[in-house]
Amino acid sequence: MAISKQKTSLFFRLSISVTVLGALSNFISWPLIILGATGMVIFHSIQFYQKQDRVPLDYSRHLLIVAFSCNYIFSFLHLPYDYVLTLLTKATLIVFLLLYSKEMISLLLENAQNGLLLQKLGTENLSSILADLATVYIVIASLFKILHWEFGIINANVLLVIGLFTAVISILASSKDFGKQETSE
C-alpha cells in the first residue's frame with residue numbers, strides 16, 4: 001500500500017513540528033528531537049522519491065535533512081567524527097539557502113516580466129510567500145538552537161523571532177477580516 005503525497009506531506013510537517021517543539025522545550029527534549037528528525041528523514045525520503053521532476057533545490061533540501069539528522073544523532077551519542085557532519089550540515093544549509101533564494105528571485109523576476117507581479121501578489125499569495133519564509137526561518141532557527149550555532153548577531157533566538165513574526169504577518173494577511181479592513185480604508 002502506497003502512502004499518498006498528502007499524507008506524506010502531513011507527516012513530514014508533523015515531524016518538523018515535533019523537532020521544533022523538542023528544540024524549544026527543556027523537558028524531554030532529546031527524545032522529541034530524535035523522533036522528529038527520524039520522521040523528517042523517513043517522510044522527506046518518501047516525498048523525494050515520489051516526486052517525478054527533481055531539481056537541485058530538492059537534492060539540497062534532502063541532503064540538508066539527512067545531514068542534520070545524522071549530525072544530531074552523532075552529537076547526542078558522542079560518536080567520533082561528528083564535526084564532519086556539522087561541517088556538512090553547515091555547507092548544505094548554505095547551498096540550500098542559495099538555491100532557495102535563487103528560485104524565489106527567479107519567480108519574482110518572471111512574474112515582474114510578465115506584468116503579473118501585482119496581480120499575483122494578492123493577500124493569498126503574499127500569505128503563502130510569508131508562510132514559506134516563516135517556515136524557513138523557524139527550521140533554520142531550530143538548527144541553530146539544536147546545534148548551538150552562532151554567526152555574529154545571528155543566533156537561534158533572532159531567527160526564531162523573525163520567523164514567528166513572519167508567521168503572524170502571514171496569518172494576518174490570509175485572514176479575510178484583515179483583507180476587508182484593508183479595502184474599507
Side-chain angles (χ1 to χ4, degrees), residues 5-6 8-24 32-76 81-111 125-167 169-170:
K5 291 181 180 182
Q6 293 84 8
T8 305
S9 177
L10 173 69
F11 287 127
F12 176 67
R13 290 179 182 182
L14 285 173
S15 298
I16 290 173
S17 300
V18 168
T19 305
V20 171
L21 181 67
L24 297 176
L32 290 176
I33 294 172
I34 289 178
L35 178 68
T38 305
M40 284 177 10
V41 169
I42 291 169
F43 294 114
H44 192 271
S45 295
I46 293 170
Q47 277 183 331
F48 183 74
Y49 292 115
Q50 285 176 342
K51 190 168 185 176
Q52 298 298 324
D53 299 324
R54 295 183 199 110
V55 295
L57 181 62
D58 296 326
Y59 289 103
S60 69
R61 181 182 301 129
H62 189 65
L63 184 59
L64 175 63
I65 290 169
V66 171
F68 159 73
S69 299
C70 292
N71 184 18
Y72 184 75
I73 291 171
F74 267 58
S75 296
F76 175 73
Y81 306 111
D82 63 338
Y83 62 89
V84 174
L85 288 171
T86 300
L87 291 174
L88 180 64
T89 304
K90 288 180 181 181
T92 55
L93 177 62
I94 291 168
V95 170
F96 170 75
L97 289 175
L98 290 173
L99 290 172
Y100 185 78
S101 300
K102 178 185 169 209
E103 185 167 318
M104 292 299 289
I105 290 169
S106 67
L107 284 174
L108 286 173
L109 289 176
E110 179 182 315
N111 288 335
N125 289 330
L126 178 64
S127 173
S128 66
I129 290 170
L130 289 173
D132 285 348
L133 285 174
T135 303
V136 168
Y137 276 117
I138 291 171
V139 168
I140 291 172
S142 298
L143 280 170
F144 272 62
K145 180 143 177 82
I146 292 167
L147 300 173
H148 306 289
W149 292 350
E150 285 191 26
F151 296 117
I153 62 167
I154 300 173
N155 59 29
N157 296 332
V158 170
L159 293 171
L160 188 61
V161 167
I162 292 170
L164 292 175
F165 275 124
T166 307
I169 293 169
S170 167

Do any side-chain atoms of residues 150-165 form donor-acceptor pairs under 3.5 angstrom with protein atoms, and if so which ones, sequence neighbours left out?
residue : atom : partner : partner atom : Å
Asn155  : OD1  : Asn157  : N            : 3.1
Asn155  : OD1  : Val158  : N            : 3.0

Please table the atom pairs, donor to acceptor, closer than 3.5 Å between any side-chain atom in residues 62-76 and protein atoms at least two apart or in another chain.
residue : atom : partner : partner atom : Å
His62   : ND1  : His44   : ND1          : 3.0
Ser69   : OG   : Ala37   : O            : 3.2
Ser69   : OG   : Ile65   : O            : 3.0
Asn71   : OD1  : Ser75   : OG           : 3.4
Asn71   : OD1  : Thr86   : OG1          : 3.1
Asn71   : ND2  : Thr86   : OG1          : 3.4
Ser75   : OG   : Asn71   : O            : 2.9

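Atom CZ of Phe43 sits about 10.5 Å away from atom OG1 of Thr38, to the nearest 0.5 Å. Lys102 NZ to Leu97 CG: the interatomic distance, rounded to the nearest 0.5 Å, is 14.5 Å. Between the OG atom of Ser9 and the CG atom of Leu14 there is a distance of 9.5 Å, given to the nearest 0.5 Å. Rounding to the nearest 0.5 Å gives a distance of 12.5 Å between CG of Leu88 and CG of Asp82.
Shown here is Arg13, whose CZ atom has no more than 12 heavy atoms of other residues, nucleotides or ligands within 6.0 Å. Other residues, nucleotides and ligands contribute at most 12 non-hydrogen atoms within 6.0 Å of the OH atom of Tyr137.
Proximity of a side-chain donor or acceptor of Arg54 to a complementary backbone N or O of Phe48 within less than 3.5 Å is detected. Distance alone, capped at 3.5 Å, is enough to place a donor-acceptor pair between the Ser60 side chain and the Leu57 backbone.
Remark: Ile94 pairs with Leu98 by the side-chain contact (heavy atoms from CB on, under 4.5 Å) rule, at least two apart or across chains. Listed by chain and number, the residues in a side-chain contact (heavy atoms from CB on, under 4.5 Å) with Leu87 amount to none (sequence neighbours excluded). Under the salt bridge (Lys or Arg N to Asp or Glu O under 4.0 Å) criterion, Lys51 pairs with Asp58, sequence neighbours left out. In this structure, Tyr83 has no ring-ring contact (aromatic ring centres under 6.0 Å, His included) partners at least two apart in sequence or on a different chain.
Counting only heavy atoms from C-beta outward, the side chains of Tyr59 and Val95 never approach each other to under 4.5 Å.
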Could you walk me through whether Lys90 and Trp149 pass the side chain to side chain contact (heavy atoms under 4.5 Å, CB included) test, one step at a time?
CA-CA 10 Å; Lys90 288 180 181 181; Trp149 292 350; 3.3 Å; yes

